Amino acid sequence: MKKTAYIRDMTSGSIIRHIITFAIPLLVGNLFQQLYNLVDTMVVGYRLGDQAIAAIGAIVSLYSMIVDFACDLNNGYGIIVTQRFGAGDPDQMRKSVAGMMELNLFAGILLPTLSLVFLKPMLHLMNTPDEIFGQSYAYISIICAGIPVTIGYNMFASILRAVGNSRSPLVFLILSSLLNVALDILFVWVLNMGIGGAALATVLAQLAATLCSGTYVWKHYRQYLPKKEDLRVPGRLLVALVLSGGSLAMMSVVVEFGTVIFQSAANLLGKMYITAHSSARRLLIMMIQPIISLSVANMTFIGQNWGAGNKERIQPAIRLSLLMELLWGAFVVAVFFLFGRQLIHFTTGTTDTDILKNAVLSLRINCVLYPVLGVLFCMRNTMQAMGHKVIPVLSSVIELIMKLIAVALFIPKWGFIGVCITEPVTWLLMTAFLLGCYLFFRKKWFGGKLSENCV
């Protein structure tokens, strides 16, 4: 092993130090990744106006469904790799990485092909308004064509996180985010390439991150990359990878499919409400990043310790993560209630009073339950890290059902208020379900021997 390789073994030492020091680089990296979308919104909004913002906002749920599926596949594969690292089994770890690479090659061909074939029907299904349809299609088609790049970066980042390295992905994302800003300005402001230029800037910046992270893994972590004999992945391990990656990706698809249907109903409210909702959503997504980062750090910690059989370290980690998630949620509530209007104006450049008023309303209704959202993420990722796949997927079904109810009842009856309340109510129900399951199964999970076949 090269001395320059950074590895964090979380199976011993301070629990809170491991989680926080792992989460901080991950948080900064996630914020820079969200900067891709935020810069798109700012550049497009200031240069092309409110209609261009609406064009991106109208398809943001479809964008999330496609990209999150690609990301969560690798997050799920990474759980298996993390467990093998925690178990101190380098042979099985290399075989796990080999399986990850083979599955990603397949997904890198299939996902963009299917996405591009069904893109226009999906935009029609989502009731994308005619006046912004062309811009929406131009943006999302370029993003879909770049899915292999997204898969590549997330694969290398998952390998690095499995060995406890959350610093290097941060460096690559910072560099690619700065590149994204420069390309946005070049393509949209200087070359007048319109909304497609913003999408192209995002894909090219992601490509830079993929190339940098792949080169880094090859140079410094080659001992964990598969050798020729590792390429024949055992069927049992391949099934474990498919189940782990598939469960996370399926959970994402169930959630985002519901969001696509939900977005189709919201799009019928008109361009002004689309702009308001998407403007608020950008900020909400930005402020959710610490919640996600803490839960992923906790998932990595639990994955390593579960693989090593150190069950006694897991429950204290869950309690610490829950406390930090709740504190951040309370902070978000304060920020959005005090500065919500100013933040919407700054990120979009809009001066439309109706857009500002409704965007702030959406911010405030959603942020009130951000502490609950933190508990949701912590519980869901904890169960995934221990290999319990069914319960998190079932929680996602709750979200799908709630969004279908919103399309049928909430939005037709209450309009934009129905749009705003749907997700917070959904978080509350999902969290109650996950907490109930955790309390019910806790004795079984932590009382007996470590089982390879988890529920």
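Bear in mind the structure is a predicted one, so any value in this text is a computation, not a measurement. We use all heavy atoms of the structure for the numbers below, so side chains are in, but hydrogens, waters and symmetry mates are not.
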- Query: What do you reckon, is CZ of Arg17 surrounded by more than 12 foreign heavy atoms closer than 6.0 Å?
  - Reply: yes
- Task: Please confirm whether the backbone N or O of Leu284 pairs with a side-chain atom of Tyr370, one donor and one acceptor, at under 3.5 Å?
- Result: yes
- Query: Measuring from Leu435:CG to Leu376:CG, what's the distance to the nearest 0.5 Å?
  - Reply: 9.0 Å
- Item | Thr215 side, atom OG1; His220 side, atom NE2 - distance, nearest 0.5 Å | 10.0 Å
- Does the pair Val217 and Tyr224 meet the rule for a side chain to side chain contact (heavy atoms under 4.5 Å, CB included), with working shown? CA-CA 9 Å; Val217 169; Tyr224 296 124; over 6 Å; no
- Might you point out which heavy atoms bring Leu179 and Ala205 nearest each other, and give the distance in Å? CD2-CA, 4.0 Å
- Are the side chains of Tyr221 and Leu225 in touch, meaning some heavy atoms are under 4.5 Å apart? no
- Message: I'd like to check Ile147 versus Ser115 (side-chain heavy atoms, cut-off strictly below 4.5 Å). Are they in contact?
- Response: yes
- Taken to the nearest 0.5 Å, the spacing of Leu160 CG from Ser168 OG works out to 5.5 Å
- Under 3.5 Å donor-acceptor, Ser244 side chain and Ile79 backbone: no
- Query: Looking at side-chain heavy atoms only, is the closest gap between Gln289 and Leu27 below 4.5 Å?
  - Reply: yes
- Item | Contact check, side chains of Arg94 and Asp89, non-hydrogen atoms, under 4.5 Å | no
- Query: Checking Gln384 side chain against Arg380 main chain: does a donor-acceptor pair fall under 3.5 Å?
  - Reply: no
- Query: Does a side-chain heavy-atom distance below 4.5 Å link Val390 with Met383?
  - Reply: no
- Query: Side chains of Arg161 and Asn75: donor-acceptor distance under 3.5 Å anywhere?
  - Reply: yes
- Task: Give me the ring orientation class for Phe301 and His18: parallel if the planes are under 30° apart, tilted from 30 to 60°, perpendicular past 60°.
- Result: tilted
- Shortest non-hydrogen separation from Leu243 to Lys389 and the atoms involved: O-CD, 3.7 Å
- Query: Which heavy-atom pair separates Gly196 from Ile142 by the least distance, and what is that distance?
  - Reply: O-CD1, 3.4 Å
- Note on the structure: Nearest heavy-atom approach of Cys367 to Val332 is CB-CG1, 4.1 Å
- Worked verdict on Val163 versus Val81 for side chain to side chain contact (heavy atoms under 4.5 Å, CB included): CA-CA 9 Å; Val163 298; Val81 178; over 6 Å; no
- Is a side-chain N or O of Gln304 found less than 3.5 angstrom from the main chain of Met10, in a donor-acceptor match? yes
- Message: Can you tell me how far apart CD1 (Ile391) and OH (Tyr438) are? Round to the nearest 0.5 Å.
- Response: 12.0 Å
- Using a distance-only test with no angle check, is there a side-chain donor-acceptor pair under 3.5 angstrom linking Asn298 and Ser295? no
- Measure from the side-chain N and O atoms of Trp427 to the backbone N and O of Leu373, and report whether any donor-acceptor pair falls under 3.5 Å. no
- For residues Glu423 and Lys403, determine if any side-chain heavy atom of one lies less than 4.5 Å from a side-chain heavy atom of the other. yes
- Query: How many angstroms lie between atom CG of Leu119 and atom CE of Met122, to the nearest 0.5 angstrom?
  - Reply: 8.5 Å
- Item | Pro371 to Gly329 - nearest heavy-atom pair and separation | CG-C, 3.7 Å
I'd like a table of donor-acceptor pairs (distance under 3.5 Å, sequence neighbours excluded) in which one partner is a side-chain atom from residues 95-106, with atom names and distances.
unit_1: Ser96; atom_1: OG; unit_2: Gln92; atom_2: O; d: 2.8
unit_1: Asn104; atom_1: OD1; unit_2: Asn74; atom_2: ND2; d: 3.1
unit_1: Asn104; atom_1: ND2; unit_2: Asn74; atom_2: OD1; d: 2.6
unit_1: Asn104; atom_1: ND2; unit_2: Met100; atom_2: O; d: 3.1

- Determine yes or no for a side-chain-to-main-chain donor-acceptor pair under 3.5 angstrom, with Arg84 supplying the side chain and Gly307 the backbone. no
- Test log, rule side chain to side chain contact (heavy atoms under 4.5 Å, CB included), inputs Val188 and Asn192: CA-CA 5 Å; Val188 178; Asn192 293 315; over 6 Å; no
- List the steps, then state whether side chain to side chain contact (heavy atoms under 4.5 Å, CB included) holds for Ser247 with Val393. CA-CA 7 Å; Ser247 64; Val393 173; 4.2 Å; yes
- Item | Whether over 12 other heavy atoms sit under 6.0 Å from Met250 CE | no
- Query: Are Ile151 and Leu73 close enough that some pair of their side-chain heavy atoms sits under 4.5 Å apart?
  - Reply: no
- Message: How long is the straight-line distance from CG of Asn165 back to OH of Tyr216, given to the nearest 0.5 Å?
- Response: 5.5 Å
- Query: When you measure from the side chain of Ser362 to the backbone N and O of Ala359, does any donor-acceptor pair fall under 3.5 Å?
  - Reply: no
- Is any side-chain heavy atom of Pro234 less than 4.5 Å from a side-chain heavy atom of Leu238? no
- Query: Under 3.5 Å, side chain of Asn180 to main-chain N/O of Ser176, donor-acceptor pair present?
  - Reply: no
- Query: Quick one: ring-ring contact (aromatic ring centres under 6.0 Å, His included) pairs with a partner in residues 314-335, sequence neighbours left out?
  - Reply: Trp328-Phe331
- Over all heavy atoms of both residues, which pair between Thr11 and Ala308 is shortest? Give the atoms and the distance, please. CG2-CB, 3.7 Å
